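A quick write-up on the structure given underneath.
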Amino acid sequence: MRVYNTLSGKKEDFIPLEPGRVKIYVCGVTVYDYCHIGHARSAVVFDVVRRYFRYRNFDVRYVRNFTDIDDKIINRAKEEGIPWDEVARKYTEEYYRDMDALGIERADVEPRATEHIPEIIAMVKTLVDKGYAYEVGGDVYFEVKRFPGYGKLSKRSMDEMVAGARVEVDERKRNPLDFALWKAAKEGEPAWESPWGPGRPGWHIECSAMSMKHLGETFDIHGGGADLIFPHHENEIAQSEACTEKPFVRYWLHNGFITISKEKMSKSLGNFFTIREILDRFDPEVVRAFLLSTHYRSPIEFSEEQLIESEVSINRFYSTVMRVEVYLERMSGKTRKTAEEEMLREMLGGFRARFEEAMDDDFNTALAIGHMYELVREINRCLDSKPAGGSARELLTEAVEALRETGGVLNIFQRSPAQWHSSLLRTKKLPLTEEEINRRLSERREARRARDWQKADRIRDELQKAGIVLEDTPEGTVWRVKVGSE
RNA sequence: GGCGGCGUACCCAAGUGGCUAAGGGAGAGGUCUGCAAAACCUUUAUGCGCCGGUUCGAAUCCGGCCGCCGCCUCCA
C-alpha cells in the first residue's frame, strides 16, 4: 500500500510500526455546533481508510477524539444560557446522530479532553521541566524556537511565519508563534486545578496527550482535514516530540476541503450546509458516494447537481441487483451458455485485484468506484444475453457478492433494492405508501392482462407524476422511485 | 509578500513517461418493448489551460505565461 504523507510531501510505501497492526488517530470535532458536510468528508474518508485496512486484514486500532472544552464551547454556553458541559453533551449527541446516519463506524476509543486532564497536566509539566515551555501568569506557553523541527509538516520556516504573521501579538509571549498549552481561567470559566493555578488545556495539547495515551508515543497514522496542518498538527508534533524525544507520527494524512462556488466551505464564510440539511433531502449512501467520488486529497465542489448524479449512480447499482434478483427467480433450469457470460466471468476474475490496486494507491476511491461500475455494466450485458443454468446463476450471484463486499469498504451497496427504494420513498417524501403502489400495480396487471393499454398507461402516468417509475419486464412489473431528472 | 495545490469532453472525474485518455451524468441515434422504462450498442477530447524545451516517445518531466483556489488567524 502507498499513502501520501504530508510530512514528506509524497506517496510512500505504508509500513506499519508493528507488522499486521495499524494505529490511527483522527482529529474529531469540537462539540459546540451542528456538523457540516466538511466534517462529514473527513469522517467518511477516514472511516474508509479504517475499513480498507481491516479489509486488508490489519488489526486496526482507531482513535477519534472529541474536544469538549474550548473557548467556542464556553462562548456558545453564554449564548444559549446553558452550562458549558451541557453544550458539549448536546452537540456530542447531535454528532452521533449525524455520523451514525452517514454510516460512520464508532471509533475503538473516543477520548474527550475533559477526561484526560491528569495526562494533559503531566505532559505540560514535563515540557516545563525540560525547558520547552514557560509559565506566565497562570498560562503556560510552548516556546516554539526551542523545537528545531518546527515547521516541518507545514513546510515553512519560523522566519517566514513571523514575517507574514497575522497573529495578534501577545506581549507576554516570548515569540508570537508560541502557543498555549494551558490557559488560566477567568472568573466564572470552567477550571481544573493545576501546578499553575486553575485553568483549562489549550487546544493542541489534548490531541498529543490522548493519542499517546491510547496509541503509544509513536503511532502509524494521524489524520484530519487539511486545515489542521497548521497550526494544530504542527504544534502537536512540536510538543509531542519535545516531550518524548521520539518521532510522534509516521504518516500524516489530510483530506481536502469541500468548496461552494470554488471557495472553501467554512463556518466563518457562512457558506456551509449542515449534514442534517442534506440528509433531509438525500439518502446517506448518496452522500457517501458523493464524498468518495473524488480523491480524498482533492477539493470537491458541493452542489445539488453532484448529489443527484451520485443518487443516479447508486440507483444504477440497485437497479442492476434488482434485475439479477428478478432474473434468477425465473431463470429456467436448462443450460444456455453465452459469450457475455464468459466476458463477465473474465471481468469478475480480475475485479478484486483492480479494486485493491486502486485502494492501495493512496485510497483511490474514485478509481475503485469506476471499476465497480464497469462490473455493473458487464452484469447487465450478461443479463441481456439471457444465459441459463447453474453456472450462470453462480456467476451472477458471485458478481453481485463481489460488489457488495468491496462496497462494504466504502460502506455503500449494503442494502437490498427493496430497502433502497423504500428508503428513497421516505427521503423524497413521496405521498405514497408501498401498499398503495402495490395495489395500483395489481390493478394495472389486470388491465394489461385484458390488453386495456389505455388504463394501464393511465396508471403508469399517474404513478410517474407521483414520482414512481414502472418497468415491465418479461418476469413481471417492478417499481422504482424516480431519481435524477427522469 | 511567503509557501503549496489545481486547470483532462457539455458537466463531474480517474489517469503522473509508452497499448484504443477509466468510470458516471447529460445530449443524439439505434436494439429491445403493446407503448414506455430499465438495460445494452454506437456516438460526443487526433487531444489533456497556453507557449517553448527534454525524450525514440509527454496529459504525465523541465521552464515561462495565463486563470482558479488554499494555507500563513479559529476551521474537517
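Quick caveat, the model's predicted, so the values are computed rather than measured. Reminder, nothing fancy here: chain letters follow the sequence lines and each chain counts from 1.
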#### Entry: Interface with RNA chain B, restricted to residues 341-352 of chain A and to heavy atoms under 4.0 Å
none

### Task
Would you confirm whether the ring centroid of A:His222 sits within less than 6.0 angstrom of the ring centroid of A:Tyr25?
yes

### Query
Does A:Asp384 get its side chain close enough to the base of B:C32, under 3.5 Å, for a donor-acceptor pair?
no

### Task
Classify the nucleic acid contact of A:Gly28 as base, sugar-phosphate or nothing, counting any heavy atom under 4.0 Å across all strands shown.
sugar-phosphate

### Query
When the aromatic ring centroids of A:Phe53 and A:Tyr62 are compared, is their separation below 6.0 Å?
no

### Rounded distance (Å) that lies between atom P of B:C74 and atom CZ of A:Arg76
20 Å

### Message
For A:Asn315 and A:Trp420: C-alpha separation, side-chain torsions, deciding distance, then whether side-chain hydrogen bond (donor to acceptor under 3.5 Å, both in side chains) applies.
### Response
CA-CA 8 Å; A:Asn315 193 60; A:Trp420 161 248; 2.9 Å; yes

### Message
Heavy atoms only, 4.0 Å cut-off, all strands: where does A:Asn364 land among base, sugar-phosphate and nothing?
### Response
sugar-phosphate

### Query
Is the number of heavy atoms from other residues, nucleotides or ligands under 6.0 Å of A:Arg2 CZ greater than 12?
yes

### Query
Any side-chain N or O of A:Asn380 under 4.0 Å from OP1/OP2 of B:A38?
no

### Query
Does A:Ile37 or A:Arg316 map to a spot on RNA chain B nearer the 5' end, using the closest nucleotide for each?
A:Arg316

### Message
Suppose you measure atom P in B:G7 against the same atom in B:C12; what distance do you get, rounded to whole Å?
### Response
12 Å

### Message
Between B:A26 and B:G34, how many Å separate the two C1' atoms, rounded to a whole number?
### Response
29 Å

#### Entry: Inter-nucleotide C1' distance (B:G17, B:G53), Å rounded
16 Å

### Message
Does A:Met265 reach a base, just sugar-phosphate, or nothing at all? Heavy atoms under 4.0 Å.
### Response
base

### Query
Relative to A:Tyr96, does A:Arg106 satisfy both conditions: NZ or CZ under 6.0 angstrom from the six-membered ring centre, and within 45 degrees of the ring's axis?
yes

### Query
With a 4.0 Å cut-off on heavy atoms, is A:Lys264 in touch with a base, just the backbone sugar-phosphate, or nothing at all?
base

### Task
Hunt down the Watson-Crick or G-U wobble partner of B:G67, both distances under 3.5 Å, from any strand shown, or write none.
B:C6

### Message
In this structure, how many angstroms lie between the P atom of B:A76 and the CZ atom of A:Arg288, rounded?
### Response
19 Å

### Query
Looking only at heavy atoms, which two atoms of A:Met210 and A:Ala113 are closest? And how far apart?
SD-N, 3.8 Å

### Query
Does any nucleotide pair with B:U33 by Watson-Crick or G-U wobble geometry, both distances under 3.5 Å, and what is it?
none

### Query
When you measure from the centre of the six-membered ring of A:Phe272, is the NZ or CZ of A:Lys267 under 6.0 Å away and within 45° of the axis?
yes

### Query
Stacking check: are the rings of A:Tyr373 and B:G24 less than 5.5 Å apart at their centres and under 30 degrees in tilt?
no

### Message
Return the pairing partner of B:G1 with a 3.5 Å limit on both distances, Watson-Crick or G-U wobble; otherwise return none.
### Response
B:C72

### Summary
Assert: residue with more 5' nearest nucleotide on RNA chain B, out of A:Arg460 and A:Ile300, is A:Ile300

### Task
Please lay out, stage by stage, how A:His254 and A:Thr6 fare under the test side-chain hydrogen bond (donor to acceptor under 3.5 Å, both in side chains).
CA-CA 7 Å; A:His254 294 97; A:Thr6 306; 2.7 Å; yes

### Task
Send over the distance from A:Leu269 CG to B:C74 P, rounded to a whole Å.
16 Å

### Message
Could you check whether A:Tyr95 and A:Phe66 have their ring centres less than 6.0 Å apart?
### Response
yes

### Query
Roughly how far apart, to the nearest Å, are B:C51 and B:A59 at atom P?
13 Å

### Query
What integer number of Å spans the P atoms of B:U54 and B:U16?
24 Å

### Task
Not counting sequence neighbours, which residues clear ring pair (Phe, Tyr, Trp, His ring centres under 6.0 Å) with A:His232? List them please.
A:Trp203, A:His204

### Message
Generate the contact string for nucleotides 3-11 of chain B. Rules: B means base contact, S means sugar-phosphate contact only, - means no protein heavy atom under 4.0 Å.
### Response
S-------B

### Message
I'd like to compare against my own output: the B/S/- annotation of nucleotides 17-22 of chain B with a strict under-4.0 Å heavy-atom distance to protein.
### Response
-----B

### Message
Please classify the nucleic acid contact of A:Arg458 as base, sugar-phosphate, or nothing, using heavy-atom distances under 4.0 Å.
### Response
nothing

### Query
Of all heavy-atom pairs between A:Thr427 and A:Asp283, which one has the smallest distance, and what is that distance?
CG2-N, 3.7 Å

### Task
Could you give the distance separating B:U60 and B:G5 at their P atoms, to the nearest angstrom?
16 Å

### Task
Take atom CD1 of A:Ile314 and atom P of B:A38, then tell me their distance rounded to the nearest Å.
18 Å

### Task
Specify the residues of residues 224-239 of chain A, ordered by number, for which at least one heavy atom lies under 4.0 angstrom from an atom of RNA chain B.
A:Gly224, A:Gly225, A:Asp227, A:Leu228, A:Phe230, A:Pro231

### Summary
In terms of heavy-atom contacts, A:Lys337 and A:Glu341 come closest through NZ-OE2, 3.6 Å

### Query
Looking only at atom P, what distance separates B:U31 and B:C19, rounded to whole Å?
36 Å

### Message
If I take atom CG in residue A:Asn271 and atom P in nucleotide B:A76, what distance separates them, rounded to the nearest angstrom?
### Response
14 Å

#### Entry: B:G49 to B:C6 separation - C1' atoms, rounded to the nearest Å
11 Å

### Query
OP1 or OP2 of B:G34 less than 4.0 angstrom from a side-chain nitrogen or oxygen of A:Arg448, does that happen here?
no

#### Entry: Smallest separation among heavy atoms of A:Leu396 and A:Leu344, with atom names
CD2-CD2, 4.0 Å

### Message
What is the separation between atom CG on A:Asp457 and atom C1' on B:A37, rounded to the nearest whole Å?
### Response
12 Å

### Query
Taking atom C1' of B:G24 as reference, at what distance in whole Å does atom CZ of A:Phe413 sit?
11 Å

### Message
Restricting to non-hydrogen atoms, name the atom on A:Glu285 and the atom on A:Arg415 that form the minimum distance, rounded to 0.1 Å.
### Response
OE1-NH2, 2.7 Å

### Message
Strictly by Watson-Crick or wobble contacts shorter than 3.5 Å, is anything paired with B:U42, and which nucleotide is it?
### Response
B:A28

### Query
Could you give the CD-to-P distance, from A:Glu301 to B:G70, as a whole number of Å?
11 Å

### Opposite nucleotide pairing with B:G47, Watson-Crick or G-U, both atom distances under 3.5 Å
none

### Task
Determine, using ring centers only, whether A:Tyr251 and A:Phe14 are less than 6.0 Å apart.
yes

### Query
What pairs with A:Tyr91 under ring pair (Phe, Tyr, Trp, His ring centres under 6.0 Å), at least two apart in sequence or on another chain?
A:Tyr34

### Message
Could you check whether A:Lys11 makes a cation-pi contact with A:Tyr4, meaning its NZ or CZ is under 6.0 Å from the centre of the six-membered ring and within 45° of the ring axis?
### Response
no

### Task
Once you apply the 3.5 Å cut-off to both distances, tell me the Watson-Crick or G-U wobble partner of B:C19, or none.
none

